[in-house]
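Only one structure is covered here, and it is reproduced in the block below.
All figures in this text were calculated on a predicted structure; none of them were measured in a lab. When reading the values below, keep in mind they use all heavy atoms of this one structure, side chains included, and skip hydrogens, waters and symmetry mates.
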Amino acid sequence: MTDSALHPAGGPVATASAYSKINLTLDVFGRRDDGYHNLRSLVIGVDLADHLRCAITSDGGVKLRCSEATLAGSVNLVVRAAAAFGRHCGRRLDLRIDLEKRIPVGGGMGGGSSDAAATLRLCNHLLSAGLDRSTLSTIGAGVGSDVPLFFHLPAAVIAGRGESVEPVALKWSGWVLLAICSEAVSTADVYRAWRPADSKSMLRGLDAEAAAATTADELSAMLSNHLEPAVFRVSQAVEGAYETLRRLGCSTVRVSGAGSTLYQLFDERDAACRVAGEIERLGTGIRALVVAAPVGESPIVET
Ligand code: C5P
């Protein structure tokens with residue numbers, strides 16, 4: 001894409017990466033009257049990112065082009081975030097946004113929410129609106145439950161329906177093996193499939209201890225995801241991938257959030273890459289990636 005194509009009005013263009021997340025712990029407490037579920041989760045950013053370019057145009061509202069054509073409509077959280085930003089500032093926005101997807105859709109890695117948070121940061125920058133992080137996070141909460149957390153990474157504990165966020169200092173850093181199933185899982189379907197009994201037998205309340213763990217083994221012993229049985233009920237493909245990883249020796253593999261991505265933590269990159277190679281060799285259609293964690297927020301670059 002040429003710069004003039006992105007720059008029709010000769011205005012500024014800015015780019016940002018939108019990192020993804022995994023949930024190290026995810027305790028679910030119950031369904032609320034508004035249909036959402038109260039939860040508590042320790043979340044970290046991981047180095048798998050979508051990329052956004054945003055240009056101010058002369059008119060035409062907010063236009064989104066996306067590397068995955070099916071995601072380019074007005075329901076995309078990027079468009080909804082830009083609209084929410086415009087409403088907050090009481091002004092009409094004329095923007096062209098290009099979104100290159102890398103984060104799996106429906107993968108429980110917060111891709112859409114991270115894209116929305118990056119959009120709010122880009123709007124704030126390009127329009128020199130001067131909104132602080134907490135205001136951007138509050139605008140984000142109206143776009144989706146997971147959007148605020150992307151203003152508080154590399155590590156944070158989220159609570160409520162996800163809108164209450166506290167940054168935390170995570171002692172561990174290392175490598176995450178991601179096993180990405182091709183099947184997208186709907187967050188709403190997973191929450192609907194959750195049963196209180198799913199949470200009863202699981203570890204809970206370990207987010208503070210998990211944040212203090214220093215090795216992958218120590219941290220992995222505290223991982224839990226109360227939505228995991230519900231994800232398996234919704235998707236046999238994810239359950240199959242989970243069993244495949246267990247057979248390959250990933251004894252503490254976990255599902256991330258309400259999605260179809262599985263992960264295992266490693267201190268050494270080589271060890272993670274060895275398992276990734278084995279997964280790829282099996283040819284089961286599961287995509288394996290090794291990424292660094294935790295990561296925070298990418299800088300905005302003006303071009
Ligand atoms: O807030 P968001 O639109 O991302 O949530 C998608 C869906 O996930 C909600 O409509 C709801 O069904 C479910 N959800 C939930 N409890 C949460 C977060 C999401 O039940 N804490």
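Nearest heavy-atom pair across A211 and L42 is N-CD2, 3.9 Å. The minimum heavy-atom distance linking S235 with V185 is given by the pair CB-CG2, 3.9 Å.
Partners of R31 according to the salt bridge (Lys or Arg N to Asp or Glu O under 4.0 Å) rule, which considers only residues two or more places apart in sequence or in another chain, do not exist here. Residues satisfying the salt bridge (Lys or Arg N to Asp or Glu O under 4.0 Å) test with R32, not counting sequence neighbours, are D34. Residues forming a side-chain hydrogen bond (donor to acceptor under 3.5 Å, both in side chains) with T25 (at least two apart in sequence, or on another chain): none. Take D207 and apply the side-chain hydrogen bond (donor to acceptor under 3.5 Å, both in side chains) test, not counting sequence neighbours, and it matches R40. Under the salt bridge (Lys or Arg N to Asp or Glu O under 4.0 Å) criterion, D47 pairs with no residue at all, not counting sequence neighbours. D27 meets the side-chain hydrogen bond (donor to acceptor under 3.5 Å, both in side chains) test with no other residue; sequence neighbours excluded. Remark: R80 pairs with no residue by the salt bridge (Lys or Arg N to Asp or Glu O under 4.0 Å) rule, at least two apart or across chains.
Proximity of a side-chain donor or acceptor of S260 to a complementary backbone N or O of E183 within less than 3.5 Å is detected. Without hydrogens or angle criteria, Y19 side chain to P294 main chain gives no donor-acceptor distance under 3.5 Å. Using modelled atom types, no side-chain atom of T15 and backbone atom of L52 make a donor-acceptor pair closer than 3.5 Å. Under the 3.5 Å distance criterion, the side-chain polar atoms of S67 are matched with a main-chain donor or acceptor of K101.
Salt-bridge check for D94 with K63: failed, with every basic side-chain N at 4.0 Å or more from each acidic carboxylate O.
Screening residues 215-226 for salt bridge (charged side-chain N to carboxylate O under 4.0 Å, His left out), with sequence neighbours left out, gives no hits. Residues in residues 127-151 take part in these side chain to side chain donor-acceptor pair (under 3.5 Å) pairs, two or more places apart or across chains: D132-T135, R133-E297, S145-R161. Within the structure, ring-ring contact (aromatic ring centres under 6.0 Å, His included) contacts touching residues 69-125 (residues at least two apart or in different chains) do not occur. For the salt bridge (charged side-chain N to carboxylate O under 4.0 Å, His left out) condition, the pairs that include at least one residue of residues 228-240, sequence neighbours left out, are D198-R233, E228-R254. For the ring-ring contact (aromatic ring centres under 6.0 Å, His included) condition, the pairs that include at least one residue of residues 191-234, sequence neighbours left out, are H37-Y191, H37-W194, F232-Y242.
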Q: Take V46 and Y263 through the side chain to side chain contact (heavy atoms under 4.5 Å, CB included) test and state the conclusion after the steps.
A: CA-CA 11 Å; V46 301; Y263 71 86; over 6 Å; no

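Heavy-atom neighbours of E166 CD from other residues, nucleotides or ligands within 6.0 Å: at or below the threshold of 12.
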